[in-house]
Amino acid sequence: MRIDLHTHSRVPDGTDAPGELVARAAAAGLDVVALTDHDTFDGLDEAVAAGERHGVRVIRGIEVSTARAGRSVHLLAYGVDEEDAALTAELTKIREGRSGRLTPVLTKLAALGVPVTEEEVLVHVGDSPSVGRPHIADALVAAGHVADRTEAFDRFLADGGPAHVPRYTVDLERGIDLVHQARGVAVIAHPWGRGRKPLLPPDYLEQLVDEHGLDGFEVDHQDHDPTVRDELRRLGARLGVIMTGSSDYHGAGKVDHDLGCNTTDPEMFARLQELSALR
Ligand SMILES: [Zn+2]
Ligand SMILES: [Zn+2]
């Protein structure tokens with residue numbers, strides 16, 4: 001059984017419609033795919049319906065933008081009550097915060113000599129509920145300032161980069177609590193990707209498990225090299241948490257993240273499903 005628990009449709013920053021993504025998951029030989037768009041549940045109904053047509057089991061998920069010490073941490077949540085008032089209120093604030101920082105980012109980019117206009121960004125937003133950094137990155141690519149999204153983030157848009165503008169986020173610990181209150185399973189996405197290990201060191205991850213009941217973290221992810229994966233696997237085994245593997249697919253928007261390029265062990269998936277059912 002091939003299971004990919006972290007993918008993005010164009011709601012808001014991938015390039016495939018949710019149904020298209022599921023069709024591609026079927027073509028890629030996946031049996032289970034979770035749609036985990038950033039801070040929104042909007043694509044889930046379409047994805048689930050497509051899953052029924054294509055014979056792929058679609059897991060309802062979300063990737064919540066949280067932060068620790070001013071740096072972003074992505075929190076995957078599975079099987080949450082999508083009507084939960086506290087969680088949906090925070091998600092709305094996060095989405096509004098993301099759209100609200102477009103102007104200051106564009107001002108910074110212009111000052112850095114790589115101007116793009118708001119219109120040029122909005123072209124790339126499609127029917128997404130909010131404007132995000134990936135859309136700005138797409139505009140930078142289209143304007144010929146950078147070769148691809150990766151270069152746009154590395155040179156300008158990444159956290160702490162010269163055109164980065166911090167935005168409203170939920171504290172990671174509160175994020176975990178909110179997911180649990182909404183009866184979901186909380187799994188930290190790519191915890192040690194892009195130099196994040198000092199932000200989320202082993203003793204802190206252990207503390208999250210002990211004090212906030214963190215359910216698991218992603219191990220097999222393109223941002224983790226083999227050494228990081230080994231170390232996280234040993235840590236996860238010691239802590240007894242769920243460990244997942246996934247593509248973090250974004251359609252054509254992110255290279256080297258093909259559907260199913262990493263997968264989740266069926267045993268781990270079964271544990272996740274059991275936990276989800278208990279909540
Ligand atoms: Zn992420
Ligand atoms: Zn993601």
Side-chain angles (χ1 to χ4, degrees), residues 3-16 18 21-22 24-25 30 32-44 47 58-68 71-78 80 91 94-95 97-98 128-130 132-138 149-150 152-154 157-161 164 167 169-170 172 175-176 179 184-197 199-200 205 214-224 228-229 232 243-264:
I3 303 156
D4 188 341
L5 290 182
H6 179 175
T7 71
H8 297 275
S9 72
R10 68 166 180 246
V11 185
D13 71 332
T15 60
D16 295 355
L21 180 147
V22 172
R24 284 184 209 272
L30 289 171
V32 178
V33 66
L35 180 65
T36 53
D37 282 326
H38 294 286
D39 309 307
T40 178
F41 301 114
D42 284 359
L44 291 175
V58 174
I59 303 298
R60 301 179 80 95
I62 189 166
E63 188 172 21
V64 184
S65 303
T66 73
R68 167 168 161 78
R71 290 190 62 195
S72 84
V73 177
H74 288 170
L75 181 66
L76 294 163
Y78 300 100
V80 296
L91 294 173
I94 294 170
R95 289 195 305 270
R98 184 158 47 214
S128 151
S130 65
R133 282 185 286 179
H135 306 125
I136 303 174
D138 289 344
R149 270 191 188 179
T150 305
F153 272 83
D154 288 349
L157 300 172
D159 288 358
H164 179 241
R167 63 169 161 113
T169 42
V170 180
L172 170 62
I176 295 169
V179 168
V185 178
V187 172
I188 296 182
H190 42 76
W192 289 357
R194 299 172 189 261
R196 269 183 178 72
K197 187 177 171 188
L199 185 71
L200 303 169
L205 289 175
L214 174 70
D215 300 298
F217 44 72
E218 219 168 42
V219 171
D220 290 304
H221 184 280
Q222 297 303 77
D223 289 351
H224 292 160
V228 163
R229 295 182 191 204
L232 274 172
M243 292 178 273
T244 63
S246 53
S247 63
D248 204 357
Y249 173 80
H250 278 70
K254 208 168 183 179
V255 290
D256 193 31
H257 285 260
D258 293 339
L259 282 164
C261 65
N262 300 299
T263 54
T264 296

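One-based numbering, in listed order, for ligands and for the atoms of each. Computed from heavy atoms alone, side chains included, the values below leave out hydrogens, waters and symmetry copies. Remember, predicted model here, so these are calculated numbers, not experimental data.
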Exercise for the section: Look at the N, O or S atoms of H8, main chain and side chain alike, and state whether any lies under 2.8 Å from the Zn ion (ligand 2). Expected result: yes
Exercise for the section: Look at H6 and state whether any of its N, O or S atoms is less than 2.8 Å from the Zn ion (ligand 1). Expected result: no
Problem - the Zn ion (ligand 1) to nearest N/O/S of D248 less than 2.8 Å - result: no
Practice task
Assert yes or no for the condition that the ring centre distance of H6 to H257 is strictly below 6.0 Å.
Solution key: no
Handout entry: Aromatic centroids of H8 and H38 separated by under 6.0 Å
Key = yes
Problem - Rounded distance (nearest 0.5 Å) linking atom CG of L205 with atom NZ of K197 - result: 10.0 Å
Handout entry: Side chain proximity check, D159 to R196, heavy atoms < 4.5 angstrom
Key = yes
Practice task
Measure from the side-chain N and O atoms of R95 to the backbone N and O of D39, and report whether any donor-acceptor pair falls under 3.5 Å.
Solution key: yes
Handout entry: Considering only N, O or S atoms of H74, the one closest to the Zn ion (ligand 1)
Key = ND1
Problem - the Zn ion (ligand 2) - name of the N/O/S atom of E63 that sits closest to it - result: OE1
